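The structure under discussion appears below in the form of C-alpha cells.
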Amino acid sequence: MTTLYEGAYAKVNLTLDVLGKRPDGYHDLKSVMQTVSIRDDIEIDIDTGKPWCLHCDKEGIPCDERNLAWKAARVYLDTVGKDPDGLEIRITKRIPSEAGLGGGSADAAAVLRALNRHYGAPLSIAALAELGGLVGSDVPFCVIGGTAVVEGRGEKLRKLPNMPDCVFVICKPEFSASTPALYAKLDEQPIGKHPEHQLMETAILRGDLAEIARNLYNVFDPVVTADHLELNYIKSIFNSYGSIGQQMTGSGSAVFSIVPEFEYAAVICGMLKENYPQVFIAKPVFF
C-alpha cells in the first residue's frame, strides 16, 4: 500500500461576472481568481486491497461517489487506464463548506495532482486542469492555482503574474446562499454593474495592491447582501480596522478583505470572532 499526501487550497474571486446563460443550461463566467492559504489536507491510500472508501472529519460532507474528490479519482484513473487494488481517500476539512471558497473543488484538484504525481505525471498540468473540468467548474483553476483569469464554465484559464503579497481576512457567516437561486435572480434582472477585469489585470501586472483592492467586484455580492444585510456589518468591521478592499467570494456566503499588514488582520479577527466563529487569516498561495 502507498499513501499520497496533498494540500487542497481555497480560492477567492477578485472579480466575478456572469455573462449569460448557455444553451446547455450553464452560465458563461469571467473571473480573476486567487488561491489562498486556507487548506484541506488530502491523504490517499493506493492498493488497499479493499473497496473504495472516503472519510471526512467534518459532518455533512458526502463520503461516497457524490464527493468531488471521489469523482476526480475515478475520472483520472479511467483516463490514464489505471485500476488500483482498492483506494481510500481521507479529507481533513478546514475550508468552510457552502462559502464560495471552492473547498470541494480544491479537494478534487488535490486528488488529481496527487494521483498524477504517483503515476509518473503522464498528464501535463494543462491536461490535468482540462480533466478537472469533467469534475466541476472550479476544479481546473484549483489544479493550476496562483493568480489567473478564468472564463467559460471555468475551463478557459490564463495565468497572470503573482498578485502582490498581502493578507486576507475571510469571514464565513452562518447562512449559506443557494447558487441556483442566485443564477435565477440574475437571469430575471439586468446586472447593474460589472467588474472591470482589465483594470484588475493591469493592477496585478503593476503589482499595485491598492488598485487591486479598488477593483474588487462580484455581481453576486449585491444580490446576496440584499437578503442578508449582516454582510454589510462584516464589511463595515473590515473597513473600520484597516481593510483596503472587501467583497463576497463566489456565490457566497464568505466575505473577504485585503489588508496590507498582519496586525490589521489580527484586530479584525478579534472584532469578528465573538459573532462569527469561522474567521480566517490567509495569504496568497502560488503553485
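Predicted model, so just to flag it, every value in this text is computed and none were measured.
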Connected via hydrophobic side-chain network under 4.5 Å: [X] and [Y]:
X    : Y    : result
V36  : V167 : no
I170 : L216 : yes
L272 : V12  : no
M200 : I258 : yes
I191 : V224 : yes

[X], [atom1]: over 12 other non-hydrogen atoms inside 6.0 angstrom:
X    : atom1 : value
Q189 : CD    : yes
E201 : CD    : yes
Q278 : CD    : yes
K283 : NZ    : yes
K82  : NZ    : no
Y241 : OH    : no

Is the closest side-chain heavy-atom distance between [X] and [Y] below 4.5 Å?
X    : Y    : answer
V32  : L160 : yes
P195 : N215 : no
I89  : I91  : yes
S253 : K172 : yes
T15  : K30  : no
L157 : V149 : no
E151 : L29  : no
V255 : Q247 : no

In terms of the angle between their ring planes, are Y76 and Y119 parallel, tilted or perpendicular, with boundaries placed at 30° and 60°?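 If you compare the ring of Y76 with that of Y119, the planes turn out parallel.
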Minimum-distance pair of heavy atoms, taken over all atoms of [X] and [Y]:
X    : Y    : answer
A148 : I144 : CB-CD1, 4.2 Å
E6   : A110 : CG-O, 3.5 Å
F286 : M163 : CZ-O, 3.5 Å
K11  : G250 : NZ-CA, 4.0 Å
A177 : S251 : CB-O, 3.4 Å
L115 : A73  : CD1-CA, 3.8 Å

Taking the six-membered ring for Trp, are the ring centroids of F238 and F256 within less than 6.0 Å of each other? no
Euclidean distance, [Y] [atom2] relative to [X] [atom1], rounded to 0.5 Å:
X    : Y    : atom1 : atom2 : answer
H55  : R90  : NE2   : CZ    : 7.5 Å
I61  : L68  : CD1   : CG    : 10.0 Å
K50  : D85  : NZ    : CG    : 11.5 Å
N239 : S257 : CG    : OG    : 9.5 Å
D17  : Y217 : CG    : OH    : 9.0 Å
L123 : N116 : CG    : CG    : 5.0 Å

Taking [X] for its side chain and [Y] for its backbone only, find out whether a donor-acceptor pair lies under 3.5 Å.
X    : Y    : value
S37  : V285 : no
D40  : A8   : no
E98  : S176 : no
E263 : E261 : no
T147 : N162 : no

Would you say the side-chain atoms of [X] and [Y] include a donor-acceptor pair closer than 3.5 Å?
X    : Y    : answer
N13  : T249 : yes
D187 : H27  : yes
T225 : D221 : yes
T48  : E88  : no
Y276 : E230 : yes
D45  : T3   : yes

Assess whether side chain to side chain contact (heavy atoms under 4.5 Å, CB included) is satisfied between L54 and L87, documenting all intermediate values. CA-CA 9 Å; L54 184 148; L87 183 142; over 6 Å; no
I would like to know whether L231 and M248 meet side chain to side chain contact (heavy atoms under 4.5 Å, CB included); could you show each step before the answer? CA-CA 8 Å; L231 294 188; M248 193 180 75; 4.1 Å; yes
The test is side chain to side chain contact (heavy atoms under 4.5 Å, CB included); show your working for V169 and S243 and say whether it passes. CA-CA 9 Å; V169 183; S243 169; over 6 Å; no
Distance-only donor-acceptor hits, side chain of residues 202-209, under 3.5 Å, sequence neighbours excluded:
residue	atom	partner	partner atom	Å
T202	OG1	Q198	O	2.9
D208	OD1	A210	N	3.3
D208	OD1	E211	N	3.1

Could you go step by step and tell me if E65 and W52 meet the side chain to side chain contact (heavy atoms under 4.5 Å, CB included) rule? CA-CA 9 Å; E65 61 274 5; W52 281 36; over 6 Å; no
When you check the gap from the basic side-chain N to the acidic O, do D41 and K93 get nearer than 4.0 Å? no
Salt bridge flag under 4.0 Å for residues D227 and K185: yes
Take F168 and F280, measure what ring-ring contact (aromatic ring centres under 6.0 Å, His included) needs, and give me the verdict at the end. CA-CA 8 Å; F168 291 98; F280 307 87; over 10 Å; no
